[in-house]
J.: 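My questions will all concern the structure given below.
Protein chains get the first letters and strands the later ones, always in sequence-line order, with residue 1 at the start of each.
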Protein chains: 2
Amino acid sequence: MTAQNGAGVFDEDCPSRLVLNHVASRWGTLIVSALRQGPLRFHALRDRIGGISEKMLSQTLRQLVEDGLVERTVEPTTPPRVSYELTPLGGELAGHVQALLDWITLRADEIVAARSRHRPG
Amino acid sequence: MTAQNGAGVFDEDCPSRLVLNHVASRWGTLIVSALRQGPLRFHALRDRIGGISEKMLSQTLRQLVEDGLVERTVEPTTPPRVSYELTPLGGELAGHVQALLDWITLRADEIVAARSRHRPG
DNA sequence: CCGCATCCATTTTGATACTG
DNA sequence: CAGTATCAAAATGGATGCGG
């Protein structure tokens, strides 16, 4: 059964809603997807995700870490190397996120064509 | 192949990024999911999606309509009935979105437990 | 009443500089 | 390098107004 009742994410106060807001946020999906192939360091992530600010990267990562979807690792070198990696739970999530992103990538042209039909010009 | 190069959604200027920002927005996933079972009128949608404002519902719906993912139908009665429905393209998308939402609903408790481990208290 | 558009207060996001 | 502090810009929500 596919969560079609009033509960779950449709309920403003349900905890799942919090998770949704972290994951299906402007940057959440991109970060999760970027980490699919393995750990990445802070600046590597920033460079991979076009347009993200350091502030939002930092903030979104912190949320994902709190949610147990991403793990933060610090190697005590100088300068310290901090890398981020999906947890097993995050890995599950990443599969679904990637499917969504792949579909969007696949259909982007078609959708853009639809846009030009709905917008004047 | 699963879109792992620098192109697509990771490129700030790629059209797919626009679509992602509409779909993976705070309300986009919920609207798409809510419409999965059939057409809904404006207020029905608002009531279904806890916490959404009429303004954001209206705005997000307009984006999804522009993207060709949702169709807007006006019955010329008094008062007019305006209903929203997924297009075939939107239906494809909804499948992926629903998978994501279902996973989040399923794992919400586990994730909340993880949060309490990462946050003081 | 229904489906929005508009105005304004609050929240979120972004650019840039700065620190350990 | 890996962030945080700060301030400006943009997104958001609530209230309200309005034509049908």
J.: Flag yes if Leu18(A) and Leu69(A) sit in one hydrophobic cluster, no otherwise; membership is Ile, Leu, Val, Met, Phe, Trp, Tyr, and two members link when side-chain heavy atoms are under 4.5 Å apart.
T.: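 Different clusters.
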J.: What is the minimum heavy-atom distance between Arg36(A) and Leu86(A), and which atoms define it?
T.: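 Result for this residue pair: CA-CD1, 3.9 Å.
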J.: Between atom NE2 in His43(B) and atom C1' in dC4(C), what is the gap in whole Å?
T.: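 My rounded result for the distance is 9 Å.
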J.: Starting at CG of Leu61(A) and ending at P of dA2(D), how long is that distance when rounded to a whole Å?
T.: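 In whole Å, dA2(D) P and Leu61(A) CG are 12 Å from each other.
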J.: How would nucleotides 13-20 of chain C be written as a contact map, 5' to 3', with B for base contact, S for sugar-phosphate-only contact and - for no contact, using protein heavy atoms under 4.0 Å?
T.: BBB-----
J.: As an exercise, state the distance from CE of Met56(B) to CD1 of Ile31(B), rounded to the nearest 0.5 Å.
T.: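 Nearest 0.5 Å value for the CE-CD1 distance: 8.5 Å.
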J.: Roughly, in whole Å, what's the span from CG in Leu40(B) to C1' in dG3(C)?
T.: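 Interatomic distance, CG of Leu40(B) to C1' of dG3(C): 15 Å.
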J.: What is the distance, rounded to the nearest whole Å, between atom CG of Leu45(B) and atom C1' of dC4(C)?
T.: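 Taking atom C1' of dC4(C) as the reference, CG of Leu45(B) is at 14 Å.
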J.: The side chain of Ser58(A) lies closest to which of these nucleotides: dA5(C), dG3(C), dT4(D)?
T.: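 Taking heavy atoms from C-beta onward, the closest nucleotide is dT4(D).
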J.: Across the strands shown, which category fits Arg72(B) at heavy-atom distances under 4.0 angstrom: base, sugar-phosphate, nothing?
T.: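 The residue Arg72(B) makes sugar-phosphate contact but no base contact.
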J.: Quick one: do the Glu71(A) and Thr87(A) side chains pair a donor with an acceptor below 3.5 Å?
T.: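 Their side chains do not contain a donor-acceptor pair, so the 3.5 Å distance test is not met.
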J.: Figure out the OH/P separation between Tyr84(B) and dC2(C), and round it to whole Å.
T.: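 After rounding, the gap between these two atoms is 14 Å.
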J.: For Thr78(B), which contact category applies under a 4.0 Å heavy-atom criterion: base, sugar-phosphate, or nothing?
T.: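 Nothing, no heavy atom under 4.0 Å.
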J.: Between CG of Asp109(A) and CZ of Arg107(A), what distance do you get to the nearest 0.5 Å?
T.: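 Going from the CG atom of Asp109(A) to the CZ atom of Arg107(A) covers 11.0 Å.
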J.: Rounded off to whole Å, could you give me the CZ-to-C1' distance for the Arg41(B) and dC1(C) pair?
T.: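 Rounded to the whole Å, the gap is 10 Å.
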J.: Could you tell me whether the phosphate oxygens of dA5(C), OP1 or OP2, come under 4.0 Å of any side-chain nitrogen or oxygen in Arg62(B)?
T.: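 Answer is yes, contact under 4.0 Å.
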J.: Please report the distance, rounded to the nearest Å, between NE2 in His22(B) and C1' in dA11(D).
T.: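 Whole-Å distance recorded here is 13 Å.
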J.: Atom CZ of Arg46(B) and atom C1' of dC1(C): how far apart are they, to the nearest Å?
T.: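 Distance check: Arg46(B) CZ to dC1(C) C1' gives 12 Å.
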J.: Please determine whether salt bridge (charged side-chain N to carboxylate O under 4.0 Å, His left out) holds for the pair Glu12(A) and Arg17(A), giving the CA-CA distance in whole Å, both sets of side-chain angles, and the decisive distance to 0.1 Å.
T.: CA-CA 6 Å; Glu12(A) 189 180 2; Arg17(A) 186 66 163 270; over 6 Å; no
J.: Do you know the tightest heavy-atom contact between Pro80(A) and Arg41(A)?
T.: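 Of all heavy-atom pairs spanning Pro80(A) and Arg41(A), the closest is O-NH2, 4.5 Å.
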